[in-house]
Amino acid sequence: MPNPQDRSPMISLRGITKSFPGVLANDHIDLDIFSSEIHALLGENGAGKSTLMKILFGFYRADAGEIRLSGKPISIRSPRDARSARIGMVFQDLNLIPAFTVAENIALFLPNLKVVLNPQEIDNRINEISKQYGLAVNPRALVSQLSIGEQQKVEILKLLLSDARLLILDEPTRVLAPHEVEALFGVLDNLRKDGYAIVLITHKMKEVLQCADRITVLRSGRVAGTLLRSEATEEKLVKLMFEKALSGLKITESKRDESSKPILELRGIETRAEGAGVTLKGIDLQVRSGEIVGVAGVSGNGQKELCDVVLGMTTCVRGEKYLFEQNLTNRSVGAMRRKGVGFIPENPLAMASIPFMTVLENMALPHTWRYARYGGFAIDWKSLKEDIQKTEKQLGFSVNFYAIAKSLSGGNLQRMVILREMTHDPHLIIASYLTRGLDMQSAIAARQALIQARERGAGILFISEDLEELFMLSDRLLVLYGGRFVGEFKPSETNIYEVGHLMTGSKVEHVG
Amino acid sequence: MNLLSILGVFSSAIFSGTSLLYTTLGEVIGERSGIVNLGLEGVLLVSASSGFAVTVITGNPYIGVLVAVIIGGLMNMILGYLIIHRKANQLASGLALMFFGFGLSALIGKSYVGAKINALPRIALPGLENLPKLYSSLLSFDILIYTAIPVAFLVWWLLFRTRWGLGLRAVGENADTAYASGRDPRLIRYQALFLNGLLAGLGAAHLSIAYTMTWTEYMTAGRGFIAVALVIFSRWHPLRAIVGALLFSGAVAFQLLLQSSGVQVSPFLLDTIPYVLTVLVLIAWGGNRRHSAPASLGRVYHGTE
Amino acid sequence: MSARTFLRIAVSNTLVKNIARYVMMMLLALLLFGIILLATGKDPFQSYRDMFGATFGSAYGFSEVLVAMIPMLITALAVALPSRVGLINVGGEGQLYIGAAFATWGALTFKDQPAWVLLPLMALLGMIGGALWAFIPGYLKSIGLVNETITTLLMNSIAPKIVGFLIFGFWHSPMDTVKTENFVSAARLPTFFNTRVHLGFVIALVLLALFWIIMKYTRWGLEMRAIGGNPQAARRNGIPLKGYLIVIMCLGGAIAGLAGMSHVSGFYGVLILNFSMGLGFMGFLICWLAGGDPIGIFLMSFVVAIITTGGNFLQLTQGLPYAVINILLALALFVVLASPKFFEGKKA
């Protein structure tokens, strides 16, 4: 392949600047994108990758800067302009309409769609392209019935059929299983051979080194550097991504006692799926004092349902749940909370906090009964503050009590939730995708908090899809696939490949 | 009870259902684009009164119908300005439009209460011209009745078989996606509201110029709200809206039949049938995604920065 | 509430700003309506002189404004309370009818009882009626079956017909089939100072103050705001979501039912077919325009009451149908709706 530097770029961004209230998301960014090339945009969350690409796609408008197409300046004020410049984008949270069929979703983006629709013709065009690139889908299926992986295929088909020559993919692998990632990279490789330009937004270093031709690293809204793949090493990229050296994680020995009575015990739990959810079948689980039980699995295999069952959000149709040997099957969330169950979800803004309330008000929520005075007519804010401050000392970080939750960054919000859930020393902590979307510093702080809780004797149910993290923290490792546990290991007795295979269902063994 | 009275009941049910079908079809289009129009009652009143007034003045019912239709579209543009441009709450804006309609129609219609008009001519069903006059007059309908069901098919075709309809439904499901596909959700919502108003105007015109042939204050008696209910009943589908309108007509016919056969059932209770049925239908279909409303129904489209 | 906090509210910047904006909004609406009056050949200055002379010119006229405010305040509160947990109660109209019907049953059945027994009984019955009517949508919502906006709206159309059925079938007076007999005096809410301002006004103000205190200071207020802000997060924090949704919806209905009781007992003294004509909808509008804020509800009701009361006099002097006053009302509402930042930062 010719060195891209010898050619003139397909698209050039010059001096792109964009600020949102309180944040300078992009600060004079220059970027060149060439055809027949996969260009990775690497950076931490909040580095400005998505914003930059949404500007290129016309979804946001830059405050300053210029976009050039084959050297000529063009104005992109809306996605319509972007599409006429043959630029297409797949958003992170996929933008398909669930109530529409695959064909309708794709037709929406066809550039030369006739005034009167011809369903047969649209189906034929979809089938033609999907055969060419191995992206098989049924055009007549409703999108709401497709898996995430299939939906992503539809998104890519949509771009190809919309005649785009530049494809922007925002974190496409976030929701995919390892083998699906492989398939996606295969498709992208074929597209590159056919002359497409591809921009891959990601924060996963391995993927970048695996498939990109050129890598641009963004850091706090600026370009930290651009490397060819041949020059790039993991070390170099880390240096570009993070200014500060990372402080390490202190992992202490587990104080697990095999003979102790379990804090949490699930016996043969079975649920009924809601909507597109997963059915849990025959779930047996024990969490003892002083241990971290890791649950590995590709998201969407029952993790959410497992958390919800333990927390009491969903009812189980079969099986029993014991907390300290007390049968609490199908008791309310409130009852579980009062028994000392803490919950740290993957998305603290959506799942754990009230956006328009202050941090302090948010902190009171799981404990309103504890701080209510005069039968509920008043709330004892003072003792709440004292309790939280105690936890802050223990964990070594703090948050501003009077900030509005919505105004906090993702890392601070997660800190707020961790502080809240660790106060009053919970006996059982459910941590689900604890570090998803967190920058490195926050991730380390979050993991450290879990280790401290284990030291104190809490039992921890730790759900993640980051195998490295799971192997590092877990005392025991379970693999969840299709709503069942398909493997149980000590981390020292297995390896990433064995667990990875179980996660994707390529080697299914039923446990017990 | 004889054939004649059954025919009479049948005929009046069709007359009373027609305005409702047009209004419901209009509301289907509006809601498919994501807008609930609680101001329909007001739109109907203003269209009915202005159409009636113009018919009195010009002596030509067709001009009256035309004016009623255009006024319906314009009334909805007020709603459009408030909820699309100014991003106001849909339900509150709709109710404000309803109150506006109460007032404006009273003002417009004030001088025409009790006036006589040339109604839309009635044309007997083909092949029935030779029946006794009494029968054929019961089976003659005006042009708007004959076109009602074809219009329902036309709306279906527009929504599900044209590029414009695809874009409109996309706006109702996810305005951001529609925007990403290069469409302007605001413009599409204006278009949908305008069509919604035109069809409501047609329904109102039928009510005052063809069916009752009078103007009285608050003559629509809740038809705007029934239309909103029927849209839900028909699950946002124009062809099922025909069933919905027939249901309403059926309830009216049933009531008349009972009265003419001397059975005493409170007309008040019979009036609740369409609403009670709609609530029951909602419960029966509740929770099933395939029957659910357009996903961004009632939401403000904020655009992007 | 301490004296200091009260003072702070009274002189708060936002209150002054709010009042200034209400005045601006009224002026703009009056200007637009003036143009319409002019177009129909009426003298707008004479009309406005009549309107304001009648409402502000005499103590009685002003008292009539307060009378008109009563049902608006209470029905707006019936929307504001559920809105805090994210429920959209468009059903105030229906709940008001059912509440009025229940209260009327009490008034007709126990007419021999003294006022101190009968009035609380009627109030209780009215609240039960409204709560029952709101329970259906609240329950359906809490089990995730049907959206409460749709059901409350539909049930608005059913309630007046049930009342019609009751009046026409059972309760109508010998003279007149569209209304009941007049209530006995023990079933009438007491009035003040020879005006038509009745006890309902005091009840409304007490309810508004209670609402404000509960939302701001209590545990339940905190939990309700949490549900309104993010229901799933609230549930994960152990707040009983279903229970709150049902109870708050029923409470909203109970308040609307109380509005119905206060209207038939305090204002009419009799249950008349279709007596409400949109009071519940008006409450919804007022609450929404006021952003669910108690002070905003009071000011907004005041403005709307001036318009509707003034309209009565417009009818007498200008020979226009009473309904025409709805134009001025709607214009005022349009002006507020078109300025979405009116109550910035507050969520209805």
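Only a predicted model underlies this, so the values are computations on that prediction, with no experimental measurement involved. A, B, ... follow the sequence lines: proteins, then strands. Residue 1 opens every chain.
Taking the side chain to side chain contact (heavy atoms under 4.5 Å, CB included) definition, one finds that Ser181(B) meets it with Arg83(A), Leu108(A), Phe109(A), Arg183(B), sequence neighbours left out.
Heavy-atom neighbours of Arg86(A) CZ from other residues, nucleotides or ligands within 6.0 Å: above the threshold of 12. Crowding of Phe153(B) atom CZ: a count of heavy atoms from other residues, nucleotides or ligands under 6.0 Å not exceeding 12. Within 6.0 Å of CZ on Arg222(A) lie no more than 12 heavy atoms contributed by other residues, nucleotides or ligands.
Remark: Thr162(B) OG1 to Lys114(A) NZ distance equals 14.0 Å, nearest 0.5 Å. Between Arg169(B) atom CZ and Phe100(A) atom CZ the span is 4.5 Å, to the nearest 0.5 Å. If you take CG on Asn105(A) and CG on Asn174(B), they are separated by 9.5 Å, rounding to the nearest 0.5 Å. Atoms CG and CD1, on Leu166(B) and Ile97(A) in that order, are 8.0 Å from each other to the nearest 0.5 Å.
In this structure, Pro79(A) and Ala180(B) approach most closely via the heavy-atom pair CB-O, 3.4 Å. Closest of all the heavy-atom pairs between Tyr179(B) and Ser78(A) is OH-CB, 3.6 Å.
With a 4.5 angstrom heavy-atom cutoff, Ala107(A) touches chain B via backbone and side-chain atoms both.
Proximity of Phe160(B) to Leu117(A): side-chain heavy atoms (C-beta onward) are nowhere separated by under 4.5 Å.
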If you look only at distance, which donor and acceptor atoms sit under 3.5 Å apart when one is on a side chain in residues 72-81 of chain B and the other is two or more places apart or in another chain?
residue  : atom : partner   : partner atom : Å
Asn76(B) : OD1  : Asn37(B)  : ND2          : 2.9
Asn76(B) : ND2  : Leu193(B) : O            : 2.8
Asn76(B) : ND2  : Asn196(B) : OD1          : 3.2

Decide side-chain contact (heavy atoms from CB on, under 4.5 Å) for Phe91(A) and Thr177(B); before the verdict, give the C-alpha distance in whole Å, the side-chain angles of both, and the deciding distance to 0.1 Å.
CA-CA 10 Å; Phe91(A) 291 92; Thr177(B) 301; over 6 Å; no
